[in-house]
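The figures that follow rest on heavy atoms only: side chains count, while hydrogens, waters and symmetry mates do not. Values in this document were obtained by computation on a predicted structure and should not be read as measured data.
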Amino acid sequence: MSATITALQRKLETDSATYQTLQKDYAKAVESRQRLDSQLQENKLVQDEFKLLKDDANIYKLIGPVLTKQDKTEAVTNVDKRIDFIQAEIDRVEKQLKDLQEKTEKKRMELVQTQTALQQQSASK
C-alpha cells in the first residue's frame, strides 16, 4: 500500500470522527433549542394569564416546598425578564445551529473529496 493511500485513509478516519462529533453537537443544539422553545411557550402562557388577572389578585410563587405570596407587578416583571432571557438564549442557539450546520456541510464535502481521492488512488494501483 502506498504512502498516499495510507495518508488518505488516516485523513478519512479523522475527518469522519470530526464529522460525527459535529453531528452530535448539532443534535444537542437542536435539543436545547426545543427545550428553550417549550420554556418560552410556558412563560408566554403565564404572561397571558397575568393579563386576565385583576390588579388585586393573589399570586403565589412556589419556592421549594412552600407557596409564597408575590406582588402582581413583581411577578409580571419576573416573567417578562424570563421571556427576554429565553429569547436571547434562543437567538444564541440559532446562531450556534447555523454555525454547526455550515461546519458539518464543509466537513461532509471534505469527506467526499477524500473518499474520491482514495478511490482514484486505489483504482490506479
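Distance check: E110 CD to T14 OG1 gives 9.0 Å after rounding to the nearest 0.5 Å. In this structure, NZ in K81 is found 13.0 Å from CD1 in I83, a value given to the nearest 0.5 Å. Rounding to the nearest 0.5 angstrom, the gap separating the CD atom in Q96 from the CD atom in Q101 is 12.5 Å. One distance of note links CG of D15 with NZ of K106; it measures 10.5 Å at 0.5 Å rounding. Once rounded to the nearest 0.5 Å, the distance linking CG of N58 with NZ of K69 reads 4.0 Å. The OG1 atom of T18 sits 5.0 Å away from the NZ atom of K107 when rounded to the nearest 0.5 Å.
E105 places none of its side-chain heavy atoms less than 4.5 Å from the side chain of E102. Two residues are said to be in side-chain contact when any heavy atoms from C-beta on lie closer than 4.5 Å; E94 and I90 meet this criterion. At least one side-chain heavy atom of N78 sits less than 4.5 Å from a side-chain heavy atom of K61. Counting only heavy atoms from C-beta outward, the side chains of R35 and E31 approach each other to under 4.5 Å.
Residues L45 and L36 do not share a hydrophobic cluster, clusters being chains of Ile/Leu/Val/Met/Phe/Trp/Tyr side chains in contact below 4.5 Å.
Partner of V79 under the side chain to side chain contact (heavy atoms under 4.5 Å, CB included) criterion, chosen from Q47, E49, K44: Q47. When the options Q119, K11, M109 are evaluated for a side chain to side chain contact (heavy atoms under 4.5 Å, CB included) with T114, the one that passes is K11.
Of all non-hydrogen atoms in I63 and T68, the two that sit nearest each other are CD1-OG1, 3.8 Å. Contact between S16 and L111 at its shortest, heavy atoms only, is N-CD2, 3.6 Å. Closest non-hydrogen pair, A75 versus I59, comes out as CB-CG2, 4.1 Å. Minimum interatomic distance between L100 and A29 (heavy atoms only, all atoms of both residues): CD1-CB, 4.2 Å.
When hydrophobic residues (I, L, V, M, F, W, Y) are linked wherever their side-chain heavy atoms come within less than 4.5 Å, V112 remains an isolated member.
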Apply side chain to side chain contact (heavy atoms under 4.5 Å, CB included) to the pair V46 and R82, showing each step before the final yes or no. CA-CA 11 Å; V46 172; R82 201 165 28 237; 5.6 Å; no
Should R33 and D37 be marked as a salt bridge (Lys or Arg N to Asp or Glu O under 4.0 Å) after you check the CA-CA gap, both sets of side-chain angles, and the distance that decides it? CA-CA 6 Å; R33 172 67 171 90; D37 208 31; 3.4 Å; yes
What verdict does the side chain to side chain contact (heavy atoms under 4.5 Å, CB included) test give for R92 and K95, after you've listed the backbone C-alpha separation in whole Å, the side-chain angles of each residue and the deciding distance to 0.1 Å? CA-CA 5 Å; R92 184 188 65 79; K95 185 176 180 256; 5.8 Å; no
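In terms of modelled atom types and a separation under 3.5 Å, the side chain of S38 and the main chain of Q34 share no donor-acceptor contact.
Environment of NZ in K72: crowded, with over 12 heavy atoms of neighbouring residues, nucleotides or ligands closer than 6.0 Å.
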Which pairs would a plain distance check flag for residues 19-28, meaning a side-chain donor or acceptor within less than 3.5 Å of a matching protein atom at least two apart in sequence or in another chain?
unit_1, atom_1, unit_2, atom_2, d
Y19, OH, Q23, NE2, 3.3
T21, OG1, A17, O, 3.0

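R10 has no carboxylate O lying under 4.0 Å from a charged side-chain N of E13, or vice versa, which leaves the two without a salt bridge.
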